[in-house]
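Keep in mind the model is a prediction, meaning the values are calculated, not measured. Numbers here are sequence positions counted from 1.
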Amino acid sequence: MDEQFDDIEKTLWVQLGKMPVPEPSKDVKTRFHAMLDTFKAEEEAKKEGLFQTIVERFKSLFAYKPAYNWAYAMILIVISSSAGYFIGKPNTEVAANHNEVKRLSSEVQDMKQMMMLSMLENPVATERLKAVSYTQELNNVDDQVVDALLTTLNFDQNENVRLVTLEALIQLAENPKVREGLVQSLLTQDSPLMQVALADAMVKLQEKRSVKQFKEMLRKENLNDAVKGKIEKTILVLS
């Protein structure tokens, strides 16, 4: 019985082997590539739509809400990480779309700036310190950021925040508005520590315009003796 079954199976395979193999039509390759291109286009459209949706939703979250600054920080980390992934990914459709990547990078920078400006108004000093540190992550520091930093330098109640802000502004000293703001800040500061730190900054920047402000500071009746000596030395160096 088994031998009979084997004979039938062999005969079947022999007959199947004799059947002609159908030839593919001449346009099968063209239809395949057309279908593949359509699939790629649909996937790209979905991807761009997803990016736009994500960006718009994050932007809508950035209405000014001082109580939720910690949430802004988390959102910023997620956005930066996601953008970094897509920007750095080689040989993909995302990396190939240079204009889209550039636009997303700009969106991230705008959000970082909005985040920083919001946190500078936080009543918690540590949050304002973090805000000042975000200056280093901004590719372009515009007048709005400079004004906010100068306001913090002159009027923040926490001395440590003012000192850190001074360091951040020194890094931006190529901006004429920053230099002018630092010079004018000399007459605003009452803290001996800030006065000495600004004197060192003026020497470091070789800002000779500050000599006029230093001479005016020497006329103050309540000027700290140590600060007075520092200012006199600074005037000699810059003159």
Side-chain angles (χ1 to χ4, degrees), residues 52-84 103-202 204-205 207 210 213 217 227:
Q52 186 63 36
T53 300
I54 291 174
V55 170
E56 292 301 325
R57 287 182 179 179
F58 279 135
K59 287 174 68 177
S60 67
L61 291 174
F62 271 80
Y64 175 60
K65 299 176 182 178
Y68 300 131
N69 282 329
W70 61 271
Y72 294 159
M74 295 302 296
I75 292 170
L76 184 58
I77 291 172
V78 172
I79 295 173
S80 300
S81 300
S82 300
R103 185 183 68 80
L104 286 173
S105 298
S106 178
E107 293 280 0
V108 171
Q109 286 297 311
D110 290 343
M111 290 177 185
K112 284 183 178 180
Q113 177 170 320
M114 193 179 303
M115 169 74 180
M116 176 209 166
L117 294 174
S118 175
M119 290 181 68
L120 278 177
E121 298 182 21
N122 194 297
V124 181
T126 54
E127 292 300 304
R128 299 198 300 277
L129 285 170
K130 291 178 184 178
V132 175
S133 69
Y134 287 155
T135 307
Q136 300 176 359
E137 300 181 20
L138 300 178
N139 294 335
N140 297 307
V141 177
D142 59 20
D143 286 348
Q144 186 178 11
V145 173
V146 171
D147 288 339
L149 289 174
L150 289 173
T151 299
T152 301
L153 174 68
N154 292 327
F155 303 111
D156 196 281
Q157 297 179 354
N158 188 286
E159 191 172 66
N160 290 328
V161 174
R162 297 203 303 274
L163 285 169
V164 172
T165 303
L166 174 59
E167 291 299 320
L169 286 166
I170 291 174
Q171 301 302 316
L172 303 173
E174 292 183 0
N175 186 325
K177 186 172 185 178
V178 171
R179 281 182 170 266
E180 179 64 25
L182 290 175
V183 171
Q184 296 303 322
S185 180
L186 286 167
L187 299 179
T188 305
Q189 303 295 334
D190 294 325
S191 163
L193 185 59
M194 286 300 303
Q195 291 169 338
V196 170
L198 271 167
D200 288 335
M202 294 298 101
K204 181 177 181 179
L205 299 176
E207 185 52 72
S210 63
Q213 274 71 20
M217 289 174 66
V227 174

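- In summary, of the residues considered (Met202, Gln195, Glu207), a side chain to side chain contact (heavy atoms under 4.5 Å, CB included) with Leu186 occurs for Met202 alone.
- Between the CE atom in Met116 and the CD atom in Glu137 there is a gap of 11.0 Å [rounded to 0.5 Å].
- Here the straight-line distance linking atom CD of Glu180 with atom OG of Ser210 works out to 11.0 Å at 0.5 Å rounding.
- Proximity of a side-chain donor or acceptor of Gln184 to a complementary backbone N or O of Gln213 within less than 3.5 Å is not detected.
- Counted within 6.0 Å of CG on Asp143, heavy atoms from surrounding residues, nucleotides or ligands total more than 12; the atom is thus considered enclosed.
- The nearest pair of heavy atoms linking Ala131 to Met119 is CB-CB, 3.5 Å.
- Using a 4.5 Å heavy-atom cutoff, the side chains of Leu172 and Leu149 are in contact.
- Nearest heavy-atom pair across Lys204 and Ile170 is NZ-CG2, 4.1 Å.
- Separation of atoms CD (Glu159) and CG (Leu193) is listed at 4.5 Å; rounding is to 0.5 Å.
- With hydrogens and angles disregarded, a donor-acceptor distance shorter than 3.5 Å links the side chain of Thr135 to the backbone of Val132.
- With hydrogens and angles disregarded, a donor-acceptor distance shorter than 3.5 Å links the side chain of Asp142 to the backbone of Val145.
- In terms of heavy atoms, Arg128 sits closest to Asn158 at NH2-CB, 3.7 Å.
- With respect to the salt-bridge test (charged N to carboxylate O, under 4.0 angstrom), the residues Lys130 and Glu127 qualify.
- Pairing each heavy atom of Gln189 with each of Asn154, the nearest pair is NE2-OD1, 3.5 Å.
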Criterion side chain to side chain contact (heavy atoms under 4.5 Å, CB included) on Val146 and Asn175, from CA distance to verdict: CA-CA 9 Å; Val146 171; Asn175 186 325; 3.9 Å; yes
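- Between the side chain of Thr152 and the backbone N or O of Ala148, at least one donor-acceptor pair lies under 3.5 Å.
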Enumerate donor-acceptor pairs with a distance under 3.5 Å from any side-chain N or O in residues 161-168 to protein atoms, sequence neighbours excluded.
residue, atom, partner, partner atom, Å
Arg162, NH1, Asp156, O, 2.6
Thr165, OG1, Val161, O, 2.7

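- In this structure, Leu187 and Met217 approach most closely via the heavy-atom pair CD2-CG, 3.7 Å.
- Judged purely by atom type and a 3.5 angstrom limit, Ser185 has no side-chain atom pairing as donor or acceptor with the backbone of Leu182.
- Expressed to the nearest 0.5 Å, how far OG1 of Thr188 lies from CE of Met194 amounts to 10.0 Å.
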